[in-house]
Each structure stands twice: as structure tokens, then as C-alpha cells.
2 protein chains.
Amino acid sequence: MTATARREQAREEYNANLRECPGHELLSVISDKWFTLVVSALADGPMRYNELGRTVAGASQRMLTQTLRRLERDGFVTRTVTPTVPIRVDYELTDLGRQIVPLQRSIKAWAEQHIPEVHAARERYSESEGE
Amino acid sequence: MTATARREQAREEYNANLRECPGHELLSVISDKWFTLVVSALADGPMRYNELGRTVAGASQRMLTQTLRRLERDGFVTRTVTPTVPIRVDYELTDLGRQIVPLQRSIKAWAEQHIPEVHAARERYSESEGE
DNA sequence: CAGGATCCTAGTCGATACTG
DNA sequence: CAGTATCGACTAGGATCCTG
């Protein structure tokens, strides 16, 4: 089992390296299913929790909360609680949050330009490989 | 159960929309754990299967094969079989594959510039929230 | 050499129900 | 209103063994 253990350790070290790589770390953050949606929803201005839930329709409460917590933790949004009754919570992009919008746009631009080629490639592939 | 069914359908429609959105589709492709590694390995020139396995150390055979198949299917790499004994298979970036390198670089650039801010935000967060 | 097939586990995600 | 807690379904990913 020594070989197995050694492999496992190698893999973990490798994963650790990957996690430390800024590029991959950022990718894992922005490729989150809801990240982009929430950020672009907030790009137009601050929003309250339920308002976000309606705008980003499709997100369960759990996912919305989780995404917002992550965004707050990573410094992309601020969370402002107004302890009225009923309570009011506003989310707003930080400077960092606003700075990621251009990057998202360039990704989107690349996608719109080249995704058709990907689709074409897929069709050729499934054609030649049968079904 | 009608309400449940309706919600489920709404969610699936939403997911379908997301999948049709080029931006998210691209993100789901390039955020794959091994995609970037394989592409940048191939950026220096064609490589054989085992060669790739060594360069992208940490990938299991299964993942390597899976990633390569996806890359081939999506038109990012070509797979060339030379039926010698033993068999030889070369992988090489296509034009499309080469065109994604600049995008990866701009993502990496953003990451290297701003990830430190994310880390700082995380420290503040875990400090203030205890633990 | 370059994979395919199989099994298995750890984490992800959504639904549901409950709370300050 | 803005969440938290818990549960089950699902699946991605790795290990392992086998083949043309």
C-alpha cells in the first residue's frame, strides 16, 4: 500500500498547487453557476435578498445564500443589514466586484465569437462517430 | 405534486437557457480542472498520450482521456493515430485551440493582479466571523 | 502504448421545513 | 424578510483492472 499512499500524496500536493495557482483559483470562483448571474444582477445597482431571488430566477434559497456568502467572503460584494422590522439586507458590488465585470465581458465576447465553431466541431464529431 | 412538477420544469428550462448561453457554456468548458493544463501543455507543440500524462502530472488516465476526448470533440485539439507497433497517438492544438490561449492569459493576468485582494478579503472575513 | 470498463466514494445541489 | 438546518438524489472524479 506504500505505492498507493505515495500516489495519493502526490495527487494531493498537485491539487494543493492547483489551488495556489491564481488562474485556477479565479476560474473556480467565476465559473460557479450563480456567480456571474448575481454579479451582473448587482451591476445595475444594490439589491435586496428577495429582489435578487426574483431577478436570478432559478436559484434556490440555499444556492442564493451560499453564493452571496462566498461573494461577501471573497470581497466582491458588501452586505448591509438594516435592523428595521421587517429586517432589510442590501447587497452591493465592491470595487473588486465591479472590476470583474470587464473580464466577464471579454469571456462572453470570446464565447459569442467562437462557440459556434465549437458547436460545429461537435456536430462533425457526433456525425463521424455515429450518433 | 403539480406545484413540484411545475417548479422542476421551470428549473430545467432555466438550466437549458443557461446551457444555451455562450458565456456559461464557455466557462463550463474552460473551468474544467484539466482543460487549461492540457491546452497549455500542448501550446508548446504536439504531444503523445503518455507524454501528456507526465507533463500534466496528477491527472489519472481516466481524466486525461476524458479531457482529451472532450477537447477533440469541441474542436480544440486534433488526434492523430499512427498505426505503428506500438501504436502512436499525437495530440495537437487546432486554430481554435490556439485562439483560446490569449483568453486564458487575460484571465490569468486578472487573477494575478486581483487574487491577493480576494485572499485579504477572506482573512478579514474569517477574522471577524471567528475561527 | 493508448486507452476502455467497472466500481466506489466524497462532495454538490435542490427541495422542504423551520426560525429570529 | 432573510435566512438556517436537514435530508436525499445525483454525479464527478479517482482507483483498479483489463484489452487491441
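Just so it is clear, the values below take in all heavy atoms, side chains as well, and ignore hydrogens, waters and symmetry mates. Convention: sequence-line order gives letters A, B, ...; per-chain numbering from 1.
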> Can you list, in residue-number order, the parts of residues 76-91 of chain A that come under 4.0 Å of DNA chain D, counting heavy atoms only?
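DNA chain D contact set from residues 76-91 of chain A: A:Arg79, A:Pro86, A:Ile87, A:Arg88, A:Val89, A:Tyr91.
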> Is the shortest side-chain heavy-atom distance between B:Ile107 and B:Ile30 below 4.5 Å?
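Heavy-atom side-chain distance check passes, below 4.5 Å.
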> Do any side-chain nitrogens or oxygens of B:Arg69 fall under 4.0 Å of OP1 or OP2 in C:dG4?
yes
> With rounding to the nearest 0.5 angstrom, report the CE to CG distance, B:Met63 to B:Leu37.
13.5 Å
> Mind checking whether A:Trp34 and A:Arg70 have side chains closer than 4.5 Å, heavy atoms only?
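Side-chain contact under 4.5 Å: no.
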> Do A:Thr36 and B:His24 have side-chain heavy atoms sitting under 4.5 Å apart?
yes
> Would you say that A:Glu92 contacts A:Thr80 through its side chain, given a criterion of any heavy-atom pair below 4.5 Å between the two side chains?
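SC-SC contact between A:Glu92 and A:Thr80 ruled out.
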> Could you give the side-chain donor-acceptor pairs of residues 43-50 of chain A under 3.5 Å, partners two or more places apart or in another chain?
unit_1: A:Tyr49; atom_1: OH; unit_2: A:Gln61; atom_2: O; d: 3.4
unit_1: A:Tyr49; atom_1: OH; unit_2: A:Thr65; atom_2: OG1; d: 2.9

> Test for a donor-acceptor pair under 3.5 Å between the base of C:dT6 and the side chain of B:Arg62, counting only N and O atoms.
yes
> For A:Leu52 and D:dA2, what is the distance between atoms CG and P respectively, to the nearest whole Å?
10 Å
> Are any side-chain N or O atoms of B:Trp110 and backbone N or O atoms of A:Pro102, one a donor and one an acceptor, separated by less than 3.5 Å?
no
> Going from CG on B:Leu26 to OG on A:Ser31, what distance comes out if it is rounded to the nearest 0.5 angstrom?
11.0 Å
> Is there a residue in residues 36-49 of chain B whose heavy atoms reach under 4.0 Å of DNA chain D, and which residues are they?
none
